[in-house]
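This structure is a prediction, so every number in the text was calculated from the model and none was measured. The figures here come from the full heavy-atom set of this structure, side chains too, leaving out hydrogens, waters and symmetry mates.
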Amino acid sequence: MKKYILILLVLLWSGSSPLVAATVQVMDKDELKSLLGSSSLVLFDVRTGKDWSSSEFKIKGAVRLESDQVAAAVDNYGKEKTLVFYCA
């Protein structure tokens with residue numbers, strides 16, 4: 001089973017049901033920091049518009065995704081990966 005970690009409510013943007021949102025784990029910044037650099041971590045920045053483009057804070061190595069690309073991205077990674085989606 002793939003691990004899905006959610007920093008904020010990305011699922012609202014992707015149109016997922018509340019049932020799916022209830023099964024996703026939430027991670028705090030300290031837990032994320034402990035995983036940075038791990039080969040099992042895939043970090044996605046799903047901030048939109050000005051939230052992304054005007055931000056001076058971007059996590060090195062994060063993959064930039066639009067909200068409509070989330071489902072396809074999930075399907076592209078193996079079950080051994082921890083997928084983290086973050087937004088503002």
Side-chain angles (χ1 to χ4, degrees):
M1 174 178 244
K2 289 182 186 177
K3 286 180 163 180
Y4 304 101
I5 307 296
L6 197 65
I7 300 301
L8 294 176
L9 298 176
V10 174
L11 292 176
L12 292 175
W13 293 344
S14 66
S16 296
S17 73
L19 180 59
V20 172
T23 63
V24 175
Q25 293 175 307
V26 177
M27 168 186 294
D28 66 27
K29 67 180 180 178
D30 294 325
E31 191 175 356
L32 176 59
K33 280 182 181 180
S34 73
L35 292 174
L36 290 176
S38 169
S39 62
S40 66
L41 175 70
V42 182
L43 186 58
F44 296 100
D45 184 335
V46 294
R47 294 177 289 171
T48 60
K50 284 187 176 181
D51 287 336
W52 182 79
S53 62
S54 66
S55 175
E56 62 185 78
F57 302 104
K58 294 182 172 89
I59 299 175
K60 185 177 180 178
V63 177
R64 171 81 171 100
L65 286 181
E66 295 292 334
S67 60
D68 62 346
Q69 298 172 314
V70 170
V74 168
D75 291 338
N76 287 332
Y77 290 90
K79 294 178 181 180
E80 70 282 351
K81 298 290 184 180
T82 297
L83 307 181
V84 176
F85 299 87
Y86 76 95
C87 63

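With hydrogens and angles ignored, the 3.5 Å screen pairs no side-chain donor or acceptor of Lys50 with any backbone N or O of Ser55. In this structure a side-chain-to-backbone donor-acceptor pair under 3.5 Å is present from Arg64 to Arg47.
In summary, Lys58 and Glu56 do not engage in a salt bridge, as defined by a charged side-chain N under 4.0 Å from a carboxylate O.
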Check against side chain to side chain contact (heavy atoms under 4.5 Å, CB included), Leu32 and Leu43: CA-CA 9 Å; Leu32 176 59; Leu43 186 58; 4.1 Å; yes

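Of all heavy-atom pairs between Val26 and Glu31, the closest is O-OE1, 4.5 Å.
Side-chain atoms of Phe44 and Val74, non-hydrogen and from C-beta on, never get closer than 4.5 Å to each other. In this structure the side chain of Ile59 never reaches within 4.5 angstrom of the side chain of Asp45, judged on heavy atoms.
Ser34 meets the side chain to side chain donor-acceptor pair (under 3.5 Å) test with no other residue; sequence neighbours excluded.
Hydrophobic clustering of Ile, Leu, Val, Met, Phe, Trp and Tyr side chains at less than 4.5 Å, counting indirect connections, unites Leu65 with Leu83.
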